[in-house]
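Accompanying notes for the structure given below.
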2 protein chains.
Amino acid sequence: MSATIKDVAKLAGVSVSTVSLVLNNKPRVSEKTKRKVLRAAEMLNYYPNLMARSLVKKRTNTLGLIIPHTANYVFSFPYFVEIIRGISNTVRSFGYRLMVSTTYAENQKQSSYLQIAREHLIDGFILLDIKLRDERIIELKREQFPFVLVGKDPWAKGISYVDPDDVGGALRAMRHLINLGHERIAFLNGPLDYMVSFDRMKGYRIALAEARLNYDPQLVRHGDFVQESGYQKMREILNSSVDFTAVFAASDLMAMGAMKAIKEKGLRIPEDIAVVGFDDIPGAAFTDPPLTTVRQPIYDIGALAAKILIEILEKKRFKEEHIIMPTELIIRRSCGFKRD
Amino acid sequence: MSATIKDVAKLAGVSVSTVSLVLNNKPRVSEKTKRKVLRAAEMLNYYPNLMARSLVKKRTNTLGLIIPHTANYVFSFPYFVEIIRGISNTVRSFGYRLMVSTTYAENQKQSSYLQIAREHLIDGFILLDIKLRDERIIELKREQFPFVLVGKDPWAKGISYVDPDDVGGALRAMRHLINLGHERIAFLNGPLDYMVSFDRMKGYRIALAEARLNYDPQLVRHGDFVQESGYQKMREILNSSVDFTAVFAASDLMAMGAMKAIKEKGLRIPEDIAVVGFDDIPGAAFTDPPLTTVRQPIYDIGALAAKILIEILEKKRFKEEHIIMPTELIIRRSCGFKRD
DNA sequence: TTGAAAGCGATACCAA
DNA sequence: TTGGTATCGCTTTCAA
C-alpha cells in the first residue's frame, strides 16, 4: 500500500503534525525540518489521501458538472465538449477536480446529482443546458447548495451565471441578412422552454423593428437545436405557401438540417435562400456552402463559470455575477452578396 | 450542517453500529429496529458522508475518465460525447460516480490523472483515445493502478479493452466501394501513432487483395481525424496526378473535409468521386449528399468499458477481456450506384 | 518550532 | 440481534 503521513513522520523523525504543517506550507517550521520532511515524502512517494483530508476539512475541492441526459440535444452539441474543456482546464488550474453527473438515475429514486451533493462528494455545481424554471435550480436552491449556471435564469436572484450575448448575436445575424437586402426572413428558433430562445427571438424582433419589417409568425418555428428538427421545421415552412428569401437558425446544427431541406426542394443556397446559423461549431466551415454564423466563446464561457464558482466557494466573491460574453458574426458563404 | 450517523443513532435510540448495519442492508437486524432507524434517517434527511466511508473502505466507488486534451481531435469528435454518455449512465447504474480528468496539468509538475489516482480519489481509470505505446498505459501499469481501454493496445498484456471492429468496418466500407465498381480508391487514414489507423489500413488492404487490386501508396494519406485534415489531404491527392474514383475516410469528419475539397475542384459526389466515412456521427445524414459510412456502437462501447472496469474492481472478473464490437455499414447517397 | 491528542464520519470486529 | 470501540489518514487546537 502507499505511504501515509505516519510513514513520512517516522522516516523524517518528526511528528505527524509537523509533516502536515510542512506539506501544507504553513509557516513556523524551520528550514531544516522542512527539508527533512520533504525528502522523506519524496522517498516514500507520498501523496496525501484526499478522502481523509476532505473529511476533516469538510471540503473536497471537487466541482460537479450536471449534464441532463434527457435533453439529447446537449450531447449532439459539438460545443458541449468545448465547454467541458474550458471547465476542466480551469478547475484543474485552481487545484480542483471535476465530477460529472447526469440528472436522472434510472433505477434509483434520487436524482443522482442531488445524491452526490448530499453525500459530500463535491463542493459546488456547474449547470449546463438551463431551462426556464429549471428544476435543478429549484432543488439546489432549496438545499442551499452552491452552484453557477452556464446559461441564464431571469428569475433566479442570488445566482451567478455566464452566458453568451444571445440577443446581440441574433441581432447581428439578422442585421447582416437585412443589409444584404432580405426582407422575409424565416426563423428556426430553439425550444420554447429555454431562455436562450427568448433572447434570440428578441434579437430577431429588434432587428425586424429596426428595419421596419413586419414580424410574421408564419415564418417562425421552434425546433430542438439538432439537425433533424431544423430539417423538419424548414420543410414545414417550405411546404407552406409563405415566401421568404433567408433563414436564421438558432443553432448551426439546425442550419444544417435546414440546408438539407432547402436543397431537397431544388433551391440553391445562397442564391435562392440565404442561411445563417448560431454557434460556429467546427463543422460550420465545412457545410456546402460554408455557413455564415454567430460565434460564441464557448471555451471561455465554461472557464469563467468554473472560476466564478471556485471564487464563491473560497469566499473570495460574495455578490452574484451575471456575465454576458460577446458574440461575433463569422461571415462565410451561405448568405451570398447583396440582393438587388 | 447535515445529520451524521450519530444523530440518527441518537434519534432512533440505538448505537451507531446498528445504524450502519441497517443502512448497509446487512442481515441480522430485527425488523423493528430497522424501521426505527430508517424512520430516523428519513426524518433527519440523513445521507452518509462518502468521504468517511471511503476512508475506511479504501474504495471510493468513483471511476476516472482520462481525456487527453492535447489530442484536440477528441474534442471535435461528436462521438466523444456519446461515449461519455455510455460510461456515465453505466457507472451510475452500478452506484459509481465519474470523475473526468485531463492528461496535462498546466502549471503543475504532475500529470493530473496520476495525481488523482495517488490521492485515492478514484478506484480505476477508463482511457480514451489510445495511442501506440500510450504513456498513460505505461504509467498506470507501473503504478499498478486498475484501468481499461476504449481502444486497443496490442502490446499491453493483462489489460482489458473494448474497441470497435476497425478491420471489419474498413473491410465492409471497401467492399461496398469495390462492389460498386471502384478500382482506384483513395484512403484518408488517421494518424500513424494510433492502432486504429493500422487496423483500418489492414481492412483497406485486405479488401484490395480480395479484389486483386493493387495497393498504391500514392492514394493514401494520414490525417488527424478532423475536417481540416480531410480537406487538406484530399486536396493533396486531387492536386497530384493520380487518378481515383472513390475515397474512404477513416472518420466522418475527414470525409466531410474531403467532400469540401472535391466540390471545390468542381467534381460531383458520387458521380465523379464516391465517398465513404467512418463513425456515423449525427451529422453524417446531413452532409450533401448524405454520407455512407461505417457505424460503430459508440454508446455501448463506453458502457461496456465501464462495466468491465467495475467488475474488475469488484473482483468479479479476473482475466483480461478483449472485446471487439461489431460495426455496420450505413448506406446513404455518397457512393451512388454501380459503375459500368 | 514541534508534538500529543482530539476529532472528522463512517465501518467492522469482537463482546455481550 | 445489538453495542462498544478501534481504526481509516489527515488537520487542528493546545501545550510544551
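All values reported here derive from a predicted model rather than from experimental measurement.
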Less than 4.0 Å between a side-chain N and a carboxylate O, is that true for Glu311(A) and Arg317(A)? yes

Closest to the Lys26(A) side chain, choosing from dT12(D), dT5(D), dG9(C): dT12(D)

So, is Ser20(A) near the phosphate of dT11(D), with a side-chain N or O under 4.0 Å from OP1 or OP2? yes

Would you kindly give the NZ-to-P distance between Lys6(A) and dA6(D), to the nearest whole Å? 13 Å

Winner on side-chain proximity to Thr18(A), out of dT11(D), dG3(C), dT1(C), is dG3(C)

Of all the choices, dA5(C), dG9(C), dT2(C), which nucleotide is nearest to the side chain of Val16(A) once you look at every atom? dA5(C)

Closest to the Ser30(A) side chain, choosing from dT1(C), dT11(D), dT11(C): dT1(C)

Between P of dT12(D) and CG of Leu55(A), the distance in whole Å: 12 Å

Rounded off to whole Å, could you give me the CD-to-P distance for the Glu119(A) and dA10(C) pair? 11 Å

side-chain N/O Asn49(B) vs dC8(C) OP1/OP2, d < 4.0 Å: no

Closer than 4.0 Å, any side-chain N/O of Arg28(A) to the OP1 or OP2 of dT1(C)? no

If you check the Arg53(B) side chain, which of dT11(C), dT11(D), dA4(C) turns out closest? dT11(C)

Any ion pair linking Glu119(A) and Arg97(B) (charged N to carboxylate O, less than 4.0 Å)? yes

Mind checking whether Tyr161(A) and His322(A) have parallel, tilted or perpendicular rings, split at 30° and 60°? parallel

Taking only side-chain nitrogens and oxygens of Thr33(B), does any of them come within less than 4.0 Å of OP1 or OP2 of dT2(D)? yes

Side-chain donor/acceptor contact of Ser54(B) with base of dA10(C) under 3.5 Å: no

Using only side-chain N and O atoms of Ser15(B), determine if any of them is under 4.0 Å from OP1 or OP2 of dG3(D). yes

Contact class for Thr4(B) vs. all strands (heavy atom < 4.0 Å): base, sugar-phosphate, or nothing? sugar-phosphate

Is there a donor in the side chain of Tyr96(A) and an acceptor in the side chain of Asp123(A), or the other way round, less than 3.5 Å apart? no

Counting only side-chain nitrogens and oxygens, does Lys58(B) get under 4.0 Å of the OP1 or OP2 atom of dT7(D)? no

The side chain of Val56(B) is closest to which nucleotide in this list: dT11(D), dT11(C), dT1(D)? dT11(C)

Met51(A) CE - dT11(C) P separation (whole Å): 14 Å

Does the side chain of Tyr47(A) get closer than 4.0 angstrom to OP1 or OP2 of dC10(D) through an N or O atom? no

Listed nucleotide nearest any side-chain atom of Asn24(B), set dC10(D), dT11(C), dT12(D): dT11(C)

Short side-chain to backbone donor-acceptor contact, Asn24(A) and Ser20(A), under 3.5 Å: yes

Figure out the NE2/P separation between His120(A) and dG9(C), and round it to whole Å. 8 Å

Quick one: Asp7(B) CG to dG9(C) P, roughly how many Å, whole number? 9 Å

Nearest whole angstrom, please: distance from the P of dT2(D) to the NZ of Lys10(B). 20 Å

Got a salt bridge between Arg85(B) and Glu82(B), using NZ or NE/NH1/NH2 to carboxylate O under 4.0 Å? yes

Rounded to whole angstrom units, what separation is found between the CG atom of Leu121(A) and the P atom of dC8(C)? 19 Å

Report the nucleotide, chosen from dG3(D), dT2(C), dC10(D), that has the shortest atom-to-atom distance to any side-chain atom of Leu21(A). dT2(C)

